[in-house]
Structure formats: C-alpha cells, structure tokens
Amino acid sequence: MRYWLIKSEPDVFSIDHLRKAKREPWSGVRNYQARNSMRDDMSPGDLALFYHSSTNPPGVAGIAKVAGEPYPDPTQFDPKSEYHDPTSPKDNPRWILVDFEFVAKFDAEIPLQQMKEDPALDGMVVLQKGTRLSITPVEAKHFKHVCKLARWKP
DNA sequence: GCCAACGTTGGC
DNA sequence: GCCAACGTTGGC
C-alpha cells in the first residue's frame, strides 16, 4: 500500500469533477517521472491526496484511489486531443496512466501554506522548493497527518 | 503577470 | 555528450 499526491488545476478537473465522474483516467501526464510512478509504482487501492494547483489558495481538497492497472493513455493517439503525441510509437506507447476513483472531499481544503508551516510534514516532496512534479510519492505518516488535519478517517 | 526552477530540444 | 535556447509549471 503506497500513498501519493496528484495535482490538478480545479478549473480543468477538480475534486468535484472526480466526485461526479466517480472514476477518471488520469490522462495528459507528459512527464516521465510522473509516468513512471503510474506505470511502475502504483497499485490498485493506493490512496492519493488530491491537490488543487494554480488556484488561490492551493491545497489538498480530498482523497482519490488508484482504481485499476496501468494502461496506455488514449489521448496520445488522438490527433484532436491537446495531449496528442504523434511521436509515440503505437506498438510501444510512451504515455501510461491509471484510473483514479473518488474517495472523499474534505470539508475544508488544507492550504499549501498551512502544510509548509507544519513540522509534522517536514520532508514532504510536494513542499520542497521547485517541485513541479504533478505526481509525487507521499510517506504514510505524512498522508495520515494531512487526513488528520482534515478530520477525515479512511 | 512575474519569474524561479526545472525539463526538453537540437545544433554542434 | 555538452549546453544554450526554449517551453512549462505553479506559487506568489
């Protein structure tokens, strides 16, 4: 059982969108490290902090769960998609994703600022300066602490 | 809108 | 393989 943090711009896809959709392919990731996390390290049942980025204030809005095994991101082969990648080989797709399913929306978002100020979250990858990765691993103790701040229990 | 901190691209 | 130029992310 691993824990993760996944970033999304709420204008594009928010925790409310996920709640409505129930399950969603995490398409459009075009960063190798983030892809490797989904392809190699995620397992069905893993839990993720759902983080709202590029919004005021940014912060963790809820919880999502890895809903299945990794598979090729269909948008890479779709010429109409903004995520179309014409250089990705059809017989060896470059971009791999997993589906996430909705688990919970926090009563109140946990703001990035509050997380930065909390000594219990020292060392969390997403809090480190210059981290732009859209998918980062989260230590169990950090995951549990954020849930505690949100007064949410699995 | 600014800009720091990256990641990617491509000439050499 | 180096590295300058360029593009992107995302907090502020």
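Side-chain atoms are counted along with the backbone in the values below, which use heavy atoms only and exclude waters and symmetry mates. Convention: sequence-line order gives letters A, B, ...; per-chain numbering from 1. Keep in mind the model is a prediction, meaning the values are calculated, not measured.
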Base versus backbone protein contacts along nucleotides 6-12 of chain C [heavy-atom cut-off under 4.0 Å; B, S, -]: -BBBBSS
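- Residues satisfying the side chain to side chain donor-acceptor pair (under 3.5 Å) criterion with A:W4, sequence neighbours excluded, are A:D46.
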Show me the donor-acceptor pairs, under 3.5 Å and distance only, between side chains in residues 140-154 of chain A and residues at least two apart or in other chains.
unit_1: A:H142; atom_1: NE2; unit_2: A:D122; atom_2: O; d: 3.1
unit_1: A:H145; atom_1: NE2; unit_2: A:D118; atom_2: OD2; d: 2.7

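- Screening residues 123-137 of chain A for salt bridge (Lys or Arg N to Asp or Glu O under 4.0 Å), with sequence neighbours left out, gives no hits.
- Partners of A:S43 according to the side chain to side chain donor-acceptor pair (under 3.5 Å) rule, which considers only residues two or more places apart in sequence or in another chain, do not exist here.
- The hydrophobic cluster of A:L133 has no other members, since no ILVMFWY side-chain heavy atom comes under 4.5 Å of it.
- Under the side chain to side chain donor-acceptor pair (under 3.5 Å) criterion, A:H17 pairs with A:S14, not counting sequence neighbours.
- Listed by first and then second residue, the salt bridge (Lys or Arg N to Asp or Glu O under 4.0 Å) pairs involving residues 70-79 of chain A are A:R30-A:D73 (not counting sequence neighbours).
- Every residue two or more places apart in sequence or in another chain that forms a side chain to side chain donor-acceptor pair (under 3.5 Å) with A:R39 is listed here: A:N36.
- A heavy-atom distance below 4.0 Å to DNA chain B is reached by none of the residues of residues 76-97 of chain A.
- Side chain of A:S8 to main chain of A:F13: a donor-acceptor pair is present (N/O by atom type, distance under 3.5 Å, no hydrogens or angles).
- Note that the two end axes of the helix from B:dG1-C:dC12 to B:dC12-C:dG1 enclose an angle of 10°, each drawn from 5 base pairs, rounded to 10 degrees.
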Run the side-chain donor-acceptor check on residues 92-106 of chain A: report pairs under 3.5 Å with partners two or more places apart or on a different chain.
unit_1: A:R94; atom_1: NH1; unit_2: A:D85; atom_2: OD2; d: 3.0
unit_1: A:R94; atom_1: NH1; unit_2: A:T87; atom_2: OG1; d: 2.7
unit_1: A:R94; atom_1: NH2; unit_2: A:T87; atom_2: O; d: 3.2
unit_1: A:W95; atom_1: NE1; unit_2: A:D85; atom_2: OD2; d: 2.8
unit_1: A:D99; atom_1: OD1; unit_2: A:Y71; atom_2: OH; d: 2.6
unit_1: A:D99; atom_1: OD2; unit_2: A:R23; atom_2: NE; d: 2.8
unit_1: A:D99; atom_1: OD2; unit_2: A:R23; atom_2: NH2; d: 3.2
unit_1: A:K105; atom_1: NZ; unit_2: A:D16; atom_2: OD1; d: 3.1
unit_1: A:K105; atom_1: NZ; unit_2: A:D16; atom_2: OD2; d: 3.4

